[in-house]
Amino acid sequence: IPNIGYNVYSKSDETLTYANSHRITFYRNIENDETREPERITWEFFENEELSNTKNPDHRLLTRTVYDPNTNEEYVTEIRSGVTRFHLRYYDQPGRNLDDNMATPGASESSLQNVRQIYLELELQSAEPIYTRGNSDGRYIRSVYEKRYSPRNLE
C-alpha cells in the first residue's frame with residue numbers, strides 16, 4: 001500500500017482504480033523493471049464468508065490478487081489464518097475522511113483521484129480459544145495493526 005502507483009520513473013496513468021472499506025485495487029510495478037507494465041493488485045476481505053477450517057467463528061478470508069499484464073497471468077494468495085477484520089478508510093487530506101463520498105461498491109472516479117491517504121486496520125485472532133481457568137469458556141487472543149499511509153504516488 002505505501003507503494004501504490006509506483007512505476008519506476010513515472011506515475012502510472014491508473015493508480016488507484018477501486019476503493020471501498022473492504023477492497024482496494026491499484027497499480028504498482030512490483031518487479032521494479034522499467035521495461036514492464038505495472039501489475040494490478042487487489043486486496044479484498046470477505047467479511048460475510050465464514051471459514052470452516054478454524055474453531056474461531058470470526059475468521060474470514062483475505063485475498064491478495066496480482067494480475068500481471070506482461071504475462072497475462074493472475075496470482076491469488078488466500079490468507080485463511082487468523083484474519084477477523086480488514087478495514088480501509090480514505091482521506092483527501094489529513095483528518096478529512098472521503099468515505100462519505102465513496103460510492104458503494106466502489107468509489108467514483110473523482111473520489112478516487114482525490115485520495116491522498118489510506119488508513120488500514122487489520123485484526124488477527126488466535127485459531128483456538130485460550131483458557132485461563134479450567135472452567136472458563138476461553139477467549140481468542142487478538143492483535144490489531146493500524147496504520148495511515150500517505151503513498152507518494154497519490155499526490
Side-chain angles (χ1 to χ4, degrees), residues 1-6 12 14-31 38-69 71 73-154:
I1 289 179
N3 292 321
I4 287 175
Y6 180 71
S12 174
E14 292 184 302
T15 302
L16 185 61
T17 61
Y18 188 96
N20 73 14
S21 61
H22 297 315
R23 180 176 160 200
I24 185 169
T25 300
F26 57 90
Y27 283 88
R28 181 201 190 287
N29 192 326
I30 295 173
E31 300 294 325
E39 292 85 355
R40 183 182 67 225
I41 302 166
T42 299
W43 284 91
E44 185 169 10
F45 181 64
F46 297 88
E47 77 173 328
N48 296 322
E49 186 175 314
E50 291 185 26
L51 299 178
S52 59
N53 63 339
T54 178
K55 288 185 178 181
N56 188 329
D58 295 328
H59 283 178
R60 299 293 184 263
L61 177 64
L62 175 64
T63 62
R64 178 181 184 257
T65 304
V66 177
Y67 171 72
D68 186 344
T71 61
E73 294 185 44
E74 187 171 86
Y75 306 94
V76 179
T77 303
E78 293 185 347
I79 303 166
R80 297 179 163 272
S81 178
V83 181
T84 56
R85 181 171 169 79
F86 178 86
H87 187 82
L88 299 158
R89 287 195 302 252
Y90 305 92
Y91 298 85
D92 62 354
Q93 63 183 355
R96 194 160 80 181
N97 194 338
L98 274 173
D99 288 351
D100 296 336
N101 298 326
M102 303 296 242
T104 303
S108 70
E109 192 172 313
S110 63
S111 291
L112 288 171
Q113 291 174 356
N114 291 331
V115 172
R116 297 294 177 262
Q117 293 184 324
I118 300 166
Y119 173 82
L120 167 66
E121 181 183 359
L122 175 67
E123 179 180 311
L124 305 174
Q125 290 184 6
S126 61
E128 302 282 334
I130 306 300
Y131 299 95
T132 55
R133 297 186 191 110
N135 61 353
S136 74
D137 291 336
R139 65 183 183 93
Y140 297 99
I141 302 300
R142 65 188 279 260
S143 179
V144 177
Y145 172 83
E146 295 178 86
K147 174 109 176 158
R148 188 182 295 205
Y149 295 95
S150 297
R152 285 189 253 184
N153 291 321
L154 288 181

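What you see is a predicted model, and the numbers here were worked out from it, not measured in a lab.
- Atoms CG and CG, on L112 and L16 in that order, are 5.0 Å from each other to the nearest 0.5 Å.
- Taking 4.5 Å as the limit, every side-chain heavy atom of I30 sits out of range of all side-chain heavy atoms of Y6.
- No donor-acceptor pair closer than 3.5 Å links the side chain of N56 to the backbone N or O of G82.
- Checking E44, E74, E39, E78 one by one against T65, the side chain to side chain contact (heavy atoms under 4.5 Å, CB included) holds for a single residue, E74.
- Evaluation of the salt bridge (Lys or Arg N to Asp or Glu O under 4.0 Å) test over residues 113-122, restricted to residues two or more places apart or in two chains, returns R85-E121.
- Counting all heavy atoms, side chain and backbone alike, Y140 lies closest to P57 at OH-CD, 3.6 Å.
- To the nearest 0.5 angstrom, S81 atom OG is 11.5 Å from L62 atom CG.
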Test R89 against Y91 for side-chain hydrogen bond (donor to acceptor under 3.5 Å, both in side chains), laying out the working first. CA-CA 7 Å; R89 287 195 302 252; Y91 298 85; 3.2 Å; yes
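- Taking CG of L124 as the reference point, atom NE2 of H59 lies at 8.0 Å (rounded to 0.5 Å).
- Under a cutoff of 6.0 Å and an axis angle of 45°, K147 and Y149 form a cation-pi pair.
- The backbone N or O of E123 sits nowhere less than 3.5 Å from a side-chain atom of H87 that would complete a donor-acceptor pair.
- The distance from the CD1 atom of I4 to the OG1 atom of T15 is 8.5 Å, given to the nearest 0.5 Å.
- Formation of a donor-acceptor pair under 3.5 Å by the T84 side chain with backbone atoms of D58 is not found in this model.
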Show your working on side-chain contact (heavy atoms from CB on, under 4.5 Å) between Y67 and T25 and close with a plain yes or no. CA-CA 11 Å; Y67 171 72; T25 300; over 6 Å; no
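- With values rounded to the nearest 0.5 angstrom, R139 atom CZ is found 4.0 Å from I141 atom CD1.
- The shortest heavy-atom contact between I24 and Y90 is CB-OH, 3.8 Å.
- Taken from CZ in F46 to CZ in R23, the straight-line distance is 8.5 Å, to the nearest 0.5 Å.
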Pair R60-E47, salt bridge (Lys or Arg N to Asp or Glu O under 4.0 Å): steps then yes or no: CA-CA 6 Å; R60 299 293 184 263; E47 77 173 328; over 6 Å; no
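- Here the closest heavy-atom approach between residue P69 and residue P38 is recorded as CG-O, 3.4 Å.
- Considering only residues two or more places apart in sequence or on other chains, E50 meets the salt bridge (Lys or Arg N to Asp or Glu O under 4.0 Å) condition with none of them.
- Between P151 and I1, the shortest heavy-atom distance links the atoms CG-O, 3.4 Å.
- Residues E146 and V144 share a closest heavy-atom pair of CG-CG1, 3.8 Å.
- A 4.5 Å side-chain heavy-atom check between F45 and L122 finds every atom pair outside the cut-off.
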